[in-house]
2 protein chains.
Amino acid sequence: MDNVDRETTQKIMDLFSRFRRLHRACPIPGIKHSEMRILFGVKKSLKVHGCGARISDLSRGMRVTSPTVTQLVNSLESSGLVERTTDPQDRRSIRVILTKKGEETLQTAADAFFSEFHGLVKHLGEEKSQQLIELLTESFNYLRSNTPTKFAGETE
Amino acid sequence: MDNVDRETTQKIMDLFSRFRRLHRACPIPGIKHSEMRILFGVKKSLKVHGCGARISDLSRGMRVTSPTVTQLVNSLESSGLVERTTDPQDRRSIRVILTKKGEETLQTAADAFFSEFHGLVKHLGEEKSQQLIELLTESFNYLRSNTPTKFAGETE
DNA sequence: AAAAATTAGGTAGGTAACCTACCTAATTAT
DNA sequence: ATAATTAGGTAGGTTACCTACCTAATTTTT
């Protein structure tokens, strides 16, 4: 391993480590980032399948375990942002839907989120943004398949 | 905002979200990732300044608060990986140094860590690795300066 | 030199975002 | 009918942080 290699590796390690800790944003006061992800998931289900999301759907989509989803849905439910409805087809399942307040909150947060990242895309420009997408995807795939690193909820 | 833009932004958001959750590796059983970072910091201080690291040095270097460092150093101390020594120049300060066991543990973990990322660098190749470094750095700088997002321990 | 301010580190207790182990109710397969 | 599977929930734990507040040592100000 030559020195250029060593330095490059060191820099990549450093950047990954910093990016890992880049979050902790609260797009909207009173709502957590992980809850936002649930809201996004429910909305997507509503849009794509025309019905609420099951706990297991959200679990798969977010790559977290179902107890984690249960807790987040509980929290969103007590904030009045989502509702649990029963699935007439399968009484074991529940369908999580957005309340009116949930819809509104999601809209606001999505806009804020989006504009932040859209700012980045504009800043980098189309070409660099595409490059970044490709490089991150490639890195992600490599790390997923070639290291003993445990990935969050890697079950598929 | 056109559709290409929208799609690009969506992808970047997604990738960032996934990368944020890409960690949770325990390089060495019995030692946590955050503790490893302390070990790295102490080693660096020993190498660069020839003396142990102060709590405040580690806090600045890791971009976390000093109580966080205190706890991690406590944990490492009770595992026998580091030791607190008093600074004769300033009796308020302590100097954290590595024990023999700490040196060994660090070496093993550093190798494991390094080879994981070195694998990525080899996989991507020198050119793409450099590109990734540049793009991540640029993105990081942008996000740091242009969003209300709270960054971990951003105090400098 | 005495009082005030600052700095280094520590303690107590909290939070977000996860997890595992285990449980019940409903459905499906044998 | 019984067994297995699936959906969701409960209880309790972990990691990686944080804020508020405290004491002891050092500096600065008067």
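Scope of the values below: all heavy atoms of this structure, side chains included, with no hydrogens, waters or symmetry mates. In the text below, chain A, chain B and the rest are named by the order of the sequence lines, each starting its count at 1. Computed from a predicted structure; not experimentally measured.
- Ring geometry for H33(A) versus F113(A): interplanar angle of 30 to 60°, hence tilted.
- Side-chain contact of T68(B) with T65(B): a donor-acceptor pair under 3.5 Å is present, judged by distance alone.
- In this structure, K32(B) places its NZ atom 15 Å from C1' of dC19(C), rounding to the nearest Å.
- Proximity of residues 78-93 of chain A to DNA chain D (heavy atom under 4.0 angstrom from any strand atom) is restricted to R84(A), R92(A), S93(A).
- Taking 4.5 Å as the limit, some side-chain heavy atom of L81(B) sits within range of a side-chain heavy atom of I31(B).
- With rounding to whole Å, H33(A) atom NE2 is found 16 Å from dC17(D) atom P.
- In this structure, the CE atom of M36(B) is 16 Å from the C1' atom of dA16(D), given to the nearest Å.
- Proximity note for N74(A) (side chain, C-beta onward) versus dT10(D), dA17(C), dG10(C): the nearest is dT10(D).
- For the atom pair T85(B) OG1 and D87(B) CG, the distance stands at 7.5 Å (nearest 0.5 Å).
- Nucleotide dA25(D) holds its P atom 14 Å from the CD1 atom of I94(B), rounded to whole Å.
- Counting non-hydrogen atoms under 4.0 angstrom, L72(A) reaches nothing in the nucleic acid.
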DNA chain C base-pair string [pairs: Watson-Crick or G-U under 3.5 Å; |: paired with another strand]: ||||||||||||||||||||||||||||||
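- Looking at heavy atoms from C-beta onward, R84(B) lies in side-chain contact with E77(B) at the 4.5 angstrom threshold.
- Applying the salt bridge (charged side-chain N to carboxylate O under 4.0 Å, His left out) rule to R91(B) yields no partners; only residues at least two apart in sequence or on another chain are considered.
- Here T65(B) reaches the OP1 or OP2 of dC18(D): one of its side-chain N or O atoms lies under 4.0 Å away.
- Taking atom CZ of R63(A) as the reference point, atom P of dA17(C) lies 18 Å away to the nearest angstrom.
- Within 4.0 Å (heavy atoms only), T68(A) reaches at least one base atom of the nucleic acid.
- Within the structure, side chain to side chain donor-acceptor pair (under 3.5 Å) contacts touching residues 44-56 of chain A (residues at least two apart or in different chains) are R54(A)-D57(A).
- Taking atom CD of residue Q71(A) and atom P of nucleotide dG8(D), one finds them 15 Å apart after rounding to whole Å.
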Derivation of the side chain to side chain donor-acceptor pair (under 3.5 Å) call for Q130(A) and E126(A): CA-CA 6 Å; Q130(A) 287 303 333; E126(A) 187 63 34; 3.0 Å; yes
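- Atom CD in E35(B) sits roughly 13 Å away from atom P in dT14(D) (whole-Å rounding).
- Here K128(A) pairs with E138(B) under the salt bridge (charged side-chain N to carboxylate O under 4.0 Å, His left out) rule; sequence neighbours left out.
- Counting non-hydrogen atoms of neighbouring residues, nucleotides and ligands closer than 6.0 angstrom, the CD atom of E104(B) exceeds 12 such neighbours.
- By the 4.5 Å heavy-atom criterion applied to side chains, L98(A) and L39(A) are counted as neighbours.
- Using a 4.5 Å cut-off on side-chain heavy atoms (C-beta onward), L72(A) and M62(A) make contact.
- With the nearest nucleotide of DNA chain C identified for both V69(B) and P67(A), V69(B) has the one nearer the 5' end.
- Residue contacts for R37(B): at a heavy-atom cut-off of 4.0 Å it reaches the sugar-phosphate backbone alone, with no base atom in range.
- Against DNA chain C, the stretch residues 42-59 of chain B makes heavy-atom approaches under 4.0 Å through R54(B), I55(B), S56(B).
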